[in-house]
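In listed order, ligands and their atoms are each counted from 1. These numbers come from the heavy atoms of this one structure, side chains and all, not from hydrogens, waters or symmetry mates.
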Amino acid sequence: MAVTAYKKAASFYESYERKSGLKDVTHYCPGCGHGVLHKLIAEALDDFNATDKTVLISPVGCSVFAYYYFKVGNIQCAHGRAPAVATGIKRVLPHSVTIAYQGDGDLAAIGGNNILQAANRGENITVFFVNNAIYGMTGGQMAPTTLLGQKTTTTPYGRTTANEGMPMKVAEIISQLDAPVYVERVAITDAKHTMKTRAAVRKAIKNQLENKGFSLVEVLSVCPSGWKMTPVQAKQWVEEHMFKIFPPGVYKDESAERDIREANKFIFSTEDIRSKLDIPSQEVIKSQIPQVPERYKDPRMILAGFGGQGILMLGVGLSEAGMEAGYNVSWIPSYGPEMRGGTANCHVNLSTNRVGSPLVSKPTVLVAMNLPSLDKFEDLVVPGGLIIYDSSLINRAPQRDDVEVFAIPATELADKLGNTRVANMIILGAYIEYTGVLTKATVLDALPNFLKKKTMVPLNRIAIEKGIEFARQKMNKS
Ligand SMILES: Cc1ncc(C[n+]2csc(CCOP(=O)(O)OP(=O)(O)O)c2C)c(N)n1
Ligand code: SF4
């Protein structure tokens with residue numbers, strides 16, 4: 001007897017780590033259309049063997065947590081901005097499969113111009129547009145696609161032409177532009193329509209893989225919770241009411257005749273762009289980066305202290321100087337609860353390779369400028385990593401015996417220079433001298449770029465030099 005085994009697509013995570021105890025379920029309401037569409041997309045990615053090269057841009061809306069489910073590169077972006085983010089991703093990663101996943105509030109309201117411009121540029125991206133005629137996430141307000149007469153929390157007597165205008169027909173609008181290659185409207189009401197949606201999802205991804213340009217699939221979906229219906233009633237409602245205003249069908253399909261080279265014209269390599277802008281090639285820049293011992297190479301750093309210690313500026317300084325030196329850099333601040341005596345921290349990457357994520361979860365370097373920071377982050381440092389701490393303020397040494405520790409009485413040295421606030425620059429100087437990751441000349445050159453108060457440049461320069469001198473003494477260098 002033939003056996004059919006149904007299993008979860010490999011493009012989904014094995015378990016969903018969104019909330020403990022809920023590892024096998026999504027956050028969607030029962031009967032919601034998002035889950036069905038997710039499944040169709042994940043299965044298509046499996047079949048195209050595209051999981052590892054896919055970047056999914058999650059929207060603001062009920063599908064904001066798509067990144068908990070898809071085992072692909074994920075970016076969650078600002079409301080309505082997925083087409084712009086997808087444009088950027090696709091241009092720097094032309095061989096990726098870049099997908100913008102958007103609801104009707106996201107795409108047709110706040111992001112209306114974003115989608116129009118991306119479609120009009122013919123970006124080689126795939127857009128899945130979930131039209132459930134309502135803002136689901138925020139409790140059922142009117143969307144541009146809400147039907148006439150439809151009651152929502154913001155149209156309690158039903159949408160009227162006079163007050164709110166007519167429902168917006170996105171597939172029709174986008175298909176009027178010259179650039180898009182494929183626009184189809186589908187539905188996920190019954191098996192027949194869901195199979196059509198399955199085919200449309202695949203076509204829209206295939207077009208991108210074949211460099212044919214912009215594809216948009218509008219999916220008529222259901223929001224049982226927002227519509228206050230059962231899932232079965234909701235599906236019937238789509239067929240009875242939405243189909244009349246939003247007829248499913250192919251609105252544009254030039255996939256067969258589209259000249260592939262047309263789409264290719266958008267693809268420049270980073271080196272092409274560098275040579276056009278007269279910027280030295282990455283290889284040349286890389287060769288100028290200081291050679292450092294393996295254990296200090298490509299630092300992934302967490303810098304932490306309390307508000308007012310200039311932790312964030314220390315991170316900016318490292319990144320600015322790192323950029324000058326030719327590293328790929330990232331800096332993200334975390335403003336945290338420092339007002340309540342906790343830690344302010346930032347994450348910094350200085351890398352000779354591309355930085356995958358600006359978030360540093362396993363630092364190779366921790367700079368702790370107060371005790372709560374050492375308490376909080378000490379255990380995160382990778383074995384063999386480096387912990388630098390301000391020994392004037394922290395009255396205990398790190399307890400780890402598998403990391404290198406460098407104690408700097410930064411605040412005391414800063415006080416001797418007449419200003420406690422330059423302790424951060426003392427740490428900067430000591431760190432670069434100790435590890436060799438940046439040269440003194442690069443950091444001093446970058447100093448005026450990252451210091452807001454220009455009158456403070458001379459004192460900060462002295463503090464950096466003081467830090468360098470301290471590290472030299474520690475290392476018994478003259
Ligand atoms: C800049 C900004 N404006 C407004 C909001 C509030 N907001 C969150 S989701 C949402 C609408 C989402 O509706 P839709 O795109 O239709 O997605 P659904 O929830 O129905 O899947 C809005 C207005 C926000 N998060 N950010
Ligand atoms: S509110 Fe609507 S769109 Fe959001 S998860 Fe629930 S059913 Fe889906």
Side-chain angles (χ1 to χ4, degrees), residues 16 18-19 22 24-41 56-70 74-86 99-116 118 127-147 150-155 159 164-165 167-171 173-174 185-189 194 197 216-238 241-242 245-246:
Y16 307 139
R18 192 175 57 87
K19 270 190 185 164
L22 292 176
D24 297 313
V25 296
T26 68
H27 67 290
Y28 298 119
C29 308
C32 175
H34 282 303
V36 179
L37 183 59
H38 281 18
K39 179 173 179 282
L40 297 176
I41 295 170
L56 184 94
I57 324 288
S58 311
V60 169
C62 276
S63 41
V64 65
F65 293 138
Y67 50 80
Y68 279 115
Y69 312 130
F70 286 94
N74 287 289
I75 296 176
Q76 199 286 316
C77 71
H79 210 0
R81 273 34 178 185
V85 174
I99 296 174
Y101 185 109
Q102 303 187 261
D104 41 31
D106 192 72
L107 179 144
I110 194 167
N113 189 39
N114 241 254
I115 190 67
L116 268 184
V127 179
F128 294 121
F129 168 48
V130 181
N131 177 0
N132 59 15
I134 208 166
Y135 287 11
M137 184 188 214
T138 41
Q141 294 83 357
M142 193 200 88
T145 53
T146 296
L147 302 190
Q150 188 179 340
K151 288 184 179 161
T152 69
T153 54
T154 44
T155 55
R159 179 177 188 164
E164 293 89 16
M168 189 180 282
K169 301 182 175 184
V170 170
I173 293 170
I174 300 294
R185 180 182 290 128
V186 289
I188 41 179
T189 47
T194 304
T197 304
L216 180 142
V217 179
E218 175 173 342
V219 182
L220 300 182
S221 184
V222 290
C223 176
S225 302
W227 296 353
K228 314 235 177 315
M229 293 179 196
T230 66
V232 173
Q233 287 168 337
K235 286 180 180 182
Q236 280 165 357
W237 193 82
V238 173
H241 300 280
M242 287 182 81
I245 308 301
F246 303 119

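Residue contacts with ligand 2 for Asn132 involve side-chain atoms from C-beta outward but no N, CA, C or O (heavy atoms, distance under 4.0 Å). Heavy atoms from both the backbone and the side chain of Met137 come within less than 4.0 Å of ligand 1. Proximity of Ile134 to ligand 1, defined as any heavy-atom pair under 4.0 Å, is confined to the backbone N, CA, C and O atoms. Under 4.0 angstrom from ligand 1, the non-hydrogen atoms of Ile110 all belong to its side chain. At a 4.0 Å heavy-atom cut-off, ligand 1 touches His34 through the side chain alone.
Atoms of ligand 2 found under 4.0 Å from any heavy atom of Cys29 (numbered from 1 in listed order, with element): 1 (S), 5 (S), 6 (Fe), 7 (S).
Contact of the His38 side chain with the Tyr101 side chain is registered, since non-hydrogen atoms from C-beta on lie closer than 4.5 Å.
Some N or O of Asp106 is nearer than 3.5 Å to an N or O of ligand 1, by distance alone.
Of the listed residues (Arg185, Lys169, Glu218), just one forms a side-chain hydrogen bond (donor to acceptor under 3.5 Å, both in side chains) with Asn131, and that residue is Glu218. If you run ring pair (Phe, Tyr, Trp, His ring centres under 6.0 Å) between His34 and each of Phe70, Tyr28, Phe128, only Tyr28 comes through.
The closest approach between a heavy atom of Gln102 and any atom of ligand 1 is not below 4.0 Å.
For residue Cys223, an N/O/S atom approaches atom 2 (Fe) of ligand 2 to within less than 2.8 Å.
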